[in-house]
Undergrad: 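The structure's right below; bear with me while I get my questions together.
Here is how names work: the chains are called A, B, and so on, in the same order as the sequence lines, proteins then strands, and each is numbered from 1.
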Number of protein chains: 2
Amino acid sequence: MKTLRLNSNDRAVLLGSGFFEQLPAAASSAILDDVVVSTHEEHDVLFAQGEALDHVFFVLSGLVRLYRLGKDGREADIAVFPKSELFRESAMFLGNRATANAQAIETTMLARIDSRKLRKLAEQTPEIADALMQLLCRHAQMAEDCLAEDRLLTAPQRVASYILGNCPDGITNFSFRLPFQKNVLAGKLGLAPEALSRAFSALRRSGVTVKGRIIEIHDRQALERF
Amino acid sequence: MKTLRLNSNDRAVLLGSGFFEQLPAAASSAILDDVVVSTHEEHDVLFAQGEALDHVFFVLSGLVRLYRLGKDGREADIAVFPKSELFRESAMFLGNRATANAQAIETTMLARIDSRKLRKLAEQTPEIADALMQLLCRHAQMAEDCLAEDRLLTAPQRVASYILGNCPDGITNFSFRLPFQKNVLAGKLGLAPEALSRAFSALRRSGVTVKGRIIEIHDRQALERF
DNA sequence: ATCGTGGTTTGACCTCGATCAAATAAGAAC
DNA sequence: GTTCTTATTTGATCGAGGTCAAACCACGAT
């Protein structure tokens with residue numbers, strides 16, 4: 001891990017993200033004032049469950065996986081954060097302790113925002129508090145969705161749901177490229193890689209074609225029915 | 001469902017809860033100013049997925065279950081809220097739409113706080129914003145915990161974890177009464193009632209005794225190892 | 001005490017997905 | 001291209017839980 005200062009490109013990425021977009025420029029500047037950037041190699045562990053965390057993280061580039069360890073060593077993914085996502089904002093309000101491990105899935109650059117300072121700024125700036133609350137809700141919502149899907153859907157249904165989430169409404173024919181390895185998708189969906197593979201092949205008869213990372217849909221209806 | 005005004009007893013319950021406790025009296029009063037109380041019978045549906053929701057709810061008495069429906073009609077519990085819990089605060093920031101169904105598990109009284117107003121007050125009062133953020137984090141955390149447990153633990157382990165969560169640290173011998181039917185506990189843990197029953201009997205050999213709603217633990221260590 | 005009703009347990013069976021092992025494909029480096 | 005390495009797929013097996021049915025039990029109503 002190397003740490004650097006924020007350059008103007010990084011700054012642009014930050015300001016263009018969902019979180020900062022809705023803030024007045026002054027508020028953003030105040031937050032970004034003393035931000036530090038750190039770089040991480042694939043597989044690097046960013047922090048571990050239980051550690052003290054005094055930053056909130058923003059993914060400038062790369063991909064981060066949040067996961068917990070079972071006592072037998074198995075891993076369960078909680079979330080995957082792509083470029084432009086802010087994460088671990090909730091630690092700020094829960095004693096600054098990490099409740100999960102985080103790992104760089106690929107070469108990753110993070111912006112680190114001092115959490116104490118951010119919290120203080122949130123107290124003084126209603127817009128920041130509001131943006132934080134929206135972010136917290138979004139993340140809570142994602143966890144809730146995930147929980148519901150785990151409990152209600154079979155593996156092929158979860159995969160279908162993931163595909164549909166990446167396919168604009170109303171279109172029947174569509175194709176897109178997975179933003180990460182199938183490996184990672186499997187983890188995100190709470191499946192073993194083998195199960196994901198089998199799920200894809202089960203979806204083949206509903207008009208889903210998989211070539212490497214490219215997913216093609218030929219019949220949206222069929223997927224929705226699945 | 002009948003609606004009433006807030007009486008002084010209700011008010012005491014509200015003010016004694018984790019959320020209001022940390023607020024200055026003036027802030028609490030402002031929030032509670034035009035709160036309405038509604039009463040619900042066992043099994044009443046409070047709201048359904050997708051409905052517009054312009055209140056945040058507080059459980060004055062009783063028990064509420066939050067759940068989603070699968071397209072085959074199966075239900076998956078997202079959370080169970082006991083007396084003194086505030087819930088659906090996240091809808092406030094996500095377009096005031098319910099993302100799940102809610103049902104009274106037993107006779108229940110709810111205080112309904114106007115969400116638009118609460119959001120406005122949060123903008124003006126940093127303490128309220130802060131309390132809301134803490135609440136959001138707690139709920140996000142619960143969902144995350146739940147997801148991790150679902151993915152990492154077997155049924156008996158989840159039950160053990162639930163029991164341990166109700167047992168003070170450091171004590172080896174302990175007993176408590178379930179705050180609801182086994183039925184409900186099963187749902188909360190993502191299990192069929194039969195599976196819960198079998199889990200309990202699997203834990204018997206680790207020193208757990210179940211008599212009706214009373215759970216007795218005779219060997220904390222054994223439970224932790226499970 | 002008796003009856004009923006609804007919660008809980010037990011048994012039998014079956015499905016889904018985890019796991020292990022092995023075969024393939026797909027990149028990356030040369 | 002060739003080779004090495006790492007992803008992905010496929011096959012075979014197994015176990016955790018879901019589901020259905022039936023027995024059991026508790027407790028309130030009569």
Undergrad: Which of these nucleotides, dC16(C), dA16(D), dT8(D), is closest to any side-chain atom of T154(B)?
TA: dA16(D)

Undergrad: dT10(D), dT8(D), dG17(C): which one has an atom nearest the side-chain heavy atoms of S201(A)?
TA: dT10(D)

Undergrad: Ignoring hydrogens and geometry beyond distance, is a side-chain donor-acceptor pair present between S161(B) and E149(B) at under 3.5 Å?
TA: yes

Undergrad: Less than 4.5 Å apart, side chain to side chain, heavy atoms only: is that true for S115(A) and N96(A)?
TA: yes

Undergrad: Return the nearest nucleotide to the side chain of K182(B); candidates are dT9(C), dG17(D), dT8(D).
TA: dT9(C)

Undergrad: Going by modelled atom types, is there a donor-acceptor pair between the base of dT19(D) and the side chain of R198(B) at under 3.5 Å?
TA: yes

Undergrad: Looking only at the side chain of A192(B) (C-beta and beyond, no hydrogens), which of the listed nucleotides dA18(C), dG18(D), dA7(D) gets closest?
TA: dG18(D)

Undergrad: Nearest of dT10(D), dT19(D), dG18(D) to any side-chain atom of E194(B)?
TA: dT19(D)

Undergrad: Please state whether the base of dG7(C) and the side chain of R213(B) form at least one donor-acceptor pair under 3.5 Å?
TA: no

Undergrad: Taking atom CD of E224(A) and atom CD1 of I163(A), what is their separation to the nearest 0.5 Å?
TA: 12.0 Å

Undergrad: If you check every side-chain atom of A195(A), which of dG17(C), dT10(C), dT8(D) has the closest atom?
TA: dG17(C)

Undergrad: Using modelled atom types only, decide if a donor and an acceptor are shared between the side chain of R88(B) and the backbone of A98(B) within a distance under 3.5 Å.
TA: no

Undergrad: Please determine, for the side chain of Q181(A), which listed nucleotide (dA7(D), dG17(C), dT10(C)) has the closest atom?
TA: dA7(D)

Undergrad: Once you apply a heavy-atom cut-off of 4.0 Å, does L196(B) come out as touching a base, just sugar-phosphate, or nothing?
TA: nothing

Undergrad: Which part of the nucleic acid does R74(B) contact within heavy-atom distance under 4.0 Å: base, sugar-phosphate only, or nothing?
TA: sugar-phosphate

Undergrad: Relative to the 5' end of DNA chain C, which residue comes earlier, H43(B) or L153(A), by the nucleotide with the nearest heavy atom?
TA: H43(B)

